[in-house]
2 protein chains.
Amino acid sequence: MCEANAYLKKSEEENLMVMENVYNLKPEGGKILLENIFGEQKLIDAEIHHISLMEHKIILQPKAS
Amino acid sequence: MCEANAYLKKSEEENLMVMENVYNLKPEGGKILLENIFGEQKLIDAEIHHISLMEHKIILQPKAS
């Protein structure tokens with residue numbers, strides 16, 4: 001399986017895990033909808049910072065307010 | 001390996017493949033930078049429509065002009 005874990009970027013050094021085993025990601029109304037393999041969904045008020053499929057990481061950046 | 005293929009959405013039914021074996025994706029200056037396992041990069045003038053890690057697909061949407 002090729003799911004990734006999603007993290008919210010807190011600082012240069014620190015990422016906060018927001019969801020494990022994400023298999024689906026969709027921008028929706030300016031937010032990011034994540035779905036995991038258990039059917040759970042989370043709508044995160046953030047933008048995509050980068051996605052590394054090699055590291056299985058989705059890094060989200062909180063929106064500049 | 002968990003790379004995905006990247007497609008540009010042409011219509012509801014049609015997607016155009018833009019890069020195979022993508023392992024890294026990064027929004028950059030309003031565009032999407034894709035990198036594949038061969039070290040190739042492509043900067044696509046598009047937004048992320050959705051990403052399905054289960055189907056190994058990155059679907060990009062050309063920007064509304």
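Just so it is clear: chains get the letters A, B, ... in the order the sequence lines come, proteins before strands, and each one is counted from 1. The model shown is predicted, which means the values in this text are computed figures rather than measured ones.
Counting all heavy atoms, side chain and backbone alike, A:N24 lies closest to B:S52 at OD1-CA, 3.6 Å.
With rounding to the nearest 0.5 angstrom, the CG atom of B:L25 is 12.0 Å from the NE2 atom of A:H49. Interatomic distance, A:L53 CG to B:H56 NE2, rounded to the nearest 0.5 Å: 9.0 Å.
With respect to chain B, the highest number of heavy-atom pairs below 4.5 Å among A:E35, A:K57, A:H50 belongs to A:H50.
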- prompt: Does the side chain to side chain contact (heavy atoms under 4.5 Å, CB included) test come out yes or no for B:I51 and A:I51, once each step is laid out?
  reply: CA-CA 10 Å; B:I51 296 174; A:I51 296 175; 3.3 Å; yes
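Taken together through direct or relayed side-chain contacts under 4.5 Å among Ile, Leu, Val, Met, Phe, Trp and Tyr, A:Y7 and A:L34 form parts of separate hydrophobic clusters. A continuous path of Ile, Leu, Val, Met, Phe, Trp and Tyr side chains, each step under 4.5 Å between heavy atoms, connects B:M54 with A:F38, placing both in one hydrophobic cluster. Grouping the Ile, Leu, Val, Met, Phe, Trp and Tyr side chains by contacts below 4.5 angstrom, directly or via other members, places A:I44 with A:I48. A:V22 and B:Y23 are members of different hydrophobic clusters when ILVMFWY side chains are connected at heavy-atom separations under 4.5 Å.
Within a 6.0 Å radius of NZ in A:K31, no more than 12 heavy atoms belonging to other residues, nucleotides or ligands are found.
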